[in-house]
Structure formats: structure tokens, C-alpha cells
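A quick write-up on the structure given underneath.
In what follows, chains are A, B, ... by sequence order, proteins preceding strands, each numbered from 1.
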There are 2 protein chains.
Amino acid sequence: MVTLQDVARAAGVSIATASWAVNDNKNVRIPESTRRKVRKVAQELGYRQNAMARSLARGQSDLIGFISDGVATSPFAGQVIQGAQDEAWRNGKILLVVDTNGDAGMERRACSFMLERQVEGIAYSSWVHHAVRPPRDLDKVNSVLVNCFDSEGRFPAVVPDEVQGGRAATDLLLQAGHRRISFVNAVDPSPASQGRLQGYRDALAAAGVAYDPNLVIRCAADQEGGYGVVEQVLASGATAVFCHNDRTAMGLFDALRERGLHVPEDLSVVGFDNQEIISAHLHPALSTVGLPQYDLGVLGIRTLLERGAEEGAEDAEDGEGSALAYKPIRVTCPTVVRRSIRNLAPVSEV
Amino acid sequence: MVTLQDVARAAGVSIATASWAVNDNKNVRIPESTRRKVRKVAQELGYRQNAMARSLARGQSDLIGFISDGVATSPFAGQVIQGAQDEAWRNGKILLVVDTNGDAGMERRACSFMLERQVEGIAYSSWVHHAVRPPRDLDKVNSVLVNCFDSEGRFPAVVPDEVQGGRAATDLLLQAGHRRISFVNAVDPSPASQGRLQGYRDALAAAGVAYDPNLVIRCAADQEGGYGVVEQVLASGATAVFCHNDRTAMGLFDALRERGLHVPEDLSVVGFDNQEIISAHLHPALSTVGLPQYDLGVLGIRTLLERGAEEGAEDAEDGEGSALAYKPIRVTCPTVVRRSIRNLAPVSEV
DNA sequence: GTGAAAGCGCTAACAC
DNA sequence: GTGTTAGCGCTTTCAC
């Protein structure tokens, strides 16, 4: 292994000068010629910094922990991590990712591991948007919740704006002229099912359409669920359906086709989640509202880093007592228009 | 921050003894009482090892790099990483994951980053099984290729056994009594399309069924591809189809349904990949052959670690010249039986 | 058995 | 401007 010492010796300078030259430290004035020489020698010798030693000396690791409960199981987690990684990288940090698979013991161990590694913060994420009780150790370090939140607001959190998303989905249908719109929601209460319902109601209200509880149908949030509610949907007399997610829509598509019915001629459909593998490839392709996964990752890390910077600044204020609980940052869900909506009316400017 | 020094002082022992007690070092004889006292003090003080300092002193980082070209984009990558992480963890190592998104510059930077971090090895993985040219830096360290390989065999590689998988898929159909079996393959040549075709032919040959090139249909390996070849499939007179992947099968399902045809009554179908979100939820659910993603990850890391151990042992042998190229390790693809196959004959013992 | 002390490779005061 | 040097927190050899 080539050390800085070797480089310094070979370049005929002191180890300090070598360090400055290699790091291109502007605070110290070294002639450009020396800088170049050192760097050339370093290159030739195949010198590579030892980040361990550097971190130890500087008291800064440039590491950020990322705890996820399902990179493996969920098609969503990957995008979140990608966003987080990109944002971290942009700030000269690197992500230490651990997938706990939802296991609490694993979570604790992951935290320890990260803290031992001197991470500068931990992003704790869940693949499904819900309330969580993060491991105790999490408040020992600058941390942030991604796609989840703690009810007490002890941590900053970044989550998708389910209400806005539900409203956007419904608006898509309203704008196409539909007035009798069914909402096939998930049975289980969750930020998603509650928020999207709220959004659905908000959209209807804004459009002056009365809310009819009979149009809200509930089922398991997957293909089988959607497949099973087809009769209810048809019986409701709706001309359009907003499905809780793309999987439900996929099941509904299957059931409709078996009855010889066509989307969007017989029924317009909007999904949620934008699971590309489904939504982009159904026949016809499904209009839907996407989850801002990548952005959640980016904003999570950004929030973490900003808070880290503040912490450095605030000398007086003692964090412990800061009574004001964090309000989750809500991220907009993007609309994705495809072919599953039939236009009943000429598009009006809304 | 509580250091080992603090613990030692508080426990009234030397820093060395404290280190031994904390690490429960068996090579040195310290009375159990002292060990316990030190550990108790450490606990009380909230002491936590500094992995940076430890690594620096021991010259061992316990870090393994994992480069992937698509955690985000692919539903496959997640499982591979999960397997890799589990196996690493089991050996007291932690994974440093970087997603390069297929960008060569990013790959190089990721390598540098990892080498600076003193990783003990790098697993380089691709989400699609294919030949790769890994970044130059990769041979500076113990490394392994996962779900990909280099043509020169310079690195150990772990890949799915496409031939066995293709054979398994075809066997499923043969065992159900089908003799006229179509293979809807991908157009592009790849280890997957070539291997699965080979497996298809092997299975037919073993069953004494003549290979008929007319039964091999080619299309894009996605839903649109499968949707588009329905006429060809029907015209071929096949009673069963082996699709290159689940997405193709999904497209085919849609096209069949639009023609009022049913799976498996009118046509039996087998997919490949076992993309659960599709295969488990089609109507009927799709029989398929899974990719051994988790195992690829596990075996990748295991291979890495084993090679690392060997390296330590082999003093005499100079690795550089070892002419024998690595042969990829082929991992068995598991069969997943669901409802999309019609039994033509009573099951015979095979 | 236990402690003193010499590093691990690098950074950053502080001299000169 | 450049070099000297004291750490960063921990491990481990070598005395006692």
C-alpha cells in the first residue's frame, strides 16, 4: 500500500505539503509547480487516500446510514434509495444501506453498526407509507424519516402527499367529463387509503359534484381485490373508476375483459402508484398517479444534511427541549396520463 | 463522545485491558471479574466503539463493496442485494452499496470510493445476465461478478443456469402431456435467450420429441411482444407455450382473452423470471421458473469471502500468472407451479 | 495478568 | 511557503 508518506518522500516534500497538494487545499499557499509535482508522483505511485485514516483525523466520516425495511421486497424502495444515493453523492457523502426486512432486532443492530461507523446521520425508511416507531438509537444522531413518520413528530419526515394524489387522480376523471366516479379503495385504514379518499372528496367538492358514499367500494389492495369488485363497480352506475392502486386496476381490467367490456369505452380507469411494469403495459395502458419515490429519497437526505448544518450553527439553543414537533414534508405525486380514460366532454380549461 | 480511554479510566484499568475486555479477547487472560466490571462501566457510560479507529489500527475494514447497475430500475436487483447483505452480515461484514445506473463514469468513481474506504472486496452485479467489461480498478481487489461475467474469465462469476431453467420450464409442459410446445423467445441474443432455447431443445430431446424450428417464435421480451405474437402462436398448432419471460406471458394472456380464449383450457402457458407482481396475480396465476436472485447474492459474497481467505493462505502461488480462467458458477432456477398448465395426460413418474 | 507505548495513515495547528 | 509534530481512537507487542 502506498501511503502519503511514500508520496512525500518520492516528491521530496514534507508529508504535510503532500497532504495539502493532494487535497488541493486552498488555505495554504503552495506554488503550483509543487502541487503538480506531488500529484504527478502520487499518480505514478498509484497512491490512493485511506478514507479510514482521513475520517479518523478529521472527525468526519462522510457516511450516511440508510435503513430500509424492504429493498428486496418492494419495487418502490429502489427508487427511494436511488434518490437518496444521488443526493448524498452530490454532497460528497456515501450511503451505508441496510435492509432490515422489517425485523426490529435487525434494525437495532443496523443502528449500532452505523453509529460505530460514525455515520453523520441516519435516514430511516419504510416501503409503505405509515406511522412507525423508529429504534431508540435513532435520536442519538441526526436523522430523518422517509416515506413514514412518527406520531410524536420527534423526527423530520418526508412523505408523499396522498391527499393531493387522490385529488389529482379524481381530477383526471373530472376533467374528462365524468361525474359519476367510483373509488375502489383499500379496506385497511392507512395514510394512503385515508388520504386518497380525502383527495377524492376534495376534488368532487371543488367540481361541485355531490359525494355519494355508495360509490366508494372497498377491497384488498391487489389484483384479486380489483378482480372481485367488478360487479359492484358496474352496479354502481359509475362511468369511471379511481382505483386505490395499479394492482387493483389490473385485476379490474381482467374481470372487465372477461365480461367483454372494454376500457375506456365502457369504463374509464385511473390507478395509483405508477408501477410501470403494470401500468405502462396494461391494455390499454393505465393512467395513474405516481409516488414521488426518487424525490422522497432526495428530500430525505437533503433534510438530513440541512439539519446537520444547522446543528453545527446553533450553539445556544439546546435541541432537547425544542417543543415544536416536526410536521411531515409532503411531496407532490405526479400525474401520468395514458389511454385508460375516455373523454366524455371537450376538455375545458380548469 | 465516550472513548475507550474514558472507560479504562472509569473502570480503573489500563486502556489495553479495557480493549481486551470490551472485545472479549480470549488470547489474553483477564479475570472474569475485571471483564465484567469494564463492560459494565462501558455500558453505563454509553461507550460505543469507533469502527474507523478500529479498522485503521487493525488494517481491516469489514466492508464489502457492492456495485449494481440498477437497484432502482429493476425488480430483480433488490433480491440479489438482500442475499448479498445477509451473507455479508453473517460473516461480520457490511455492504457498501452503490448504484451506478449503468454509467461507466459512475462505476469508476464508485470503485475509487470503495477502494479508498478499504473494502475487502467488490461484488459487481448487473440486473440483466450478460457479459460485461468491469472497470479497471476491479482487479486491484478481491472481486466477484454477480449475474454477469467477463468473457476472459478473469473474475469468478455467479450466474443463473439459463439452460437448466429453460429445460425445467419445458419439462413442466412435457410432464403435463404436451408434445407440441411453442417457445416464444426474445429476439435479441443473450445468455437468457440462448440458454433457455438450449434448455427447451434439451428437454424435447430427452422426451423424444422432435425439435421443430417453426415452433420457435421471436418477439420483444415484454407485454407488447407477447401481445403481438398471439396469432403466430395459435397458427403454430401448439397446445402449450413456453414464454421467454412473465411479461411476455402477460401480454399473451391479454391477447388470448380478447379472442375469448382461456388459459389453460385452450392453451397452457409457462413463463420465466417469476416476477411475482405479474405471475402470481394473472388469471389464472402463471406457472413459471424463478431466477435465483437471492442465491446469486449469497453465493457472490460467499465466493468473494472464500477467495479472500485463500488469498491469505496462498503465500507461494503468485495469483497474477494463474492461467486457469474462472468458469461461471451456475445457480439452479427454481420451478414455480401455478394454474396456467392444463394436464393432457395423467402424470407419469419422471 | 496488566500496563506502557508504538503505531495505523492522515490532518491541522503551530513553528520557522 | 513549508516542515514539524501532536493527535484522531484503537490494537497489539513487549516488558514488568
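- The shortest distance between the side-chain N/O atoms of T17(A) and the OP1/OP2 oxygens of dG3(D) is below 4.0 Å.
- One can place CZ of R117(A) at 17 Å from P of dG9(D), the figure rounded to the nearest angstrom.
- Using a 4.0 Å heavy-atom distance criterion, M52(B) is classed as making no nucleic acid contact.
- Within 4.0 Å of V13(A), counting heavy atoms only, lie sugar-phosphate atoms of the nucleic acid but no base atom.
- In this structure, the CZ atom of R35(A) is 11 Å from the P atom of dG1(D), given to the nearest Å.
- Salt bridge absent: K140(A) and E116(A) never bring a charged side-chain N and a carboxylate O closer than 4.0 Å.
- In this structure, F76(B) and W127(B) have parallel ring planes: the angle between them is below the 30° cut-off, well short of the 60° mark.
- In this structure, Q5(B) atom CD and dC8(D) atom P are separated by 8 Å, rounded to whole Å.
- Here the range on DNA chain C touched by chain A, meaning any atom under 4.0 Å from one of its heavy atoms, is dG9(C) to dA13(C).
- For R108(A), the CZ atom sits in a loose shell: 12 or fewer heavy atoms of surrounding residues, nucleotides or ligands are nearer than 6.0 Å.
- The distance from atom CG of D6(B) to atom C1' of dG9(D) is 10 Å, rounded to the nearest whole Å.
- Of the candidate nucleotides dT11(D), dG7(D), dG3(D), dG7(D) has the atom lying nearest to any side-chain atom of A57(A).
- Regarding L4(B), its CG atom lies at a distance of 9 Å from the C1' atom of dT11(D), rounded to whole Å.
- No side-chain donor-acceptor contact under 3.5 Å links N147(A) and S125(A).
- In this structure, R54(B) reaches the dT11(D) phosphate: one of its side-chain N or O atoms is under 4.0 Å from OP1 or OP2.
- Put simply, CG on N50(B) is 12 Å from P on dC8(D), counting in whole angstrom units.
- Applying the 4.0 Å criterion to OP1 and OP2 of dT11(D), one finds that S19(B) has a side-chain N or O inside that range.
- Of the residues listed (V119(A), D137(A), L138(A)), the one engaging M114(A) in a side chain to side chain contact (heavy atoms under 4.5 Å, CB included) is V119(A), and it is the only one.
- To the nearest angstrom, P of dG7(D) lies 16 Å from CD1 of I15(A).
- Remark: P of dT11(D) and CG of L56(A) are 12 Å apart, rounded to the nearest angstrom.
- With sequence neighbours excluded, the residues forming a side chain to side chain contact (heavy atoms under 4.5 Å, CB included) with R302(A) are E87(A), R90(A), V298(A), L299(A), E306(A), listed by chain and number.
- Contact annotation: N25(B) does not reach the phosphate of dT11(D) (side-chain N/O to OP1 or OP2, under 4.0 Å).
- When each of V13(B), I15(B), N25(B) is checked for a side chain to side chain contact (heavy atoms under 4.5 Å, CB included) with W20(B), only N25(B) meets the rule.
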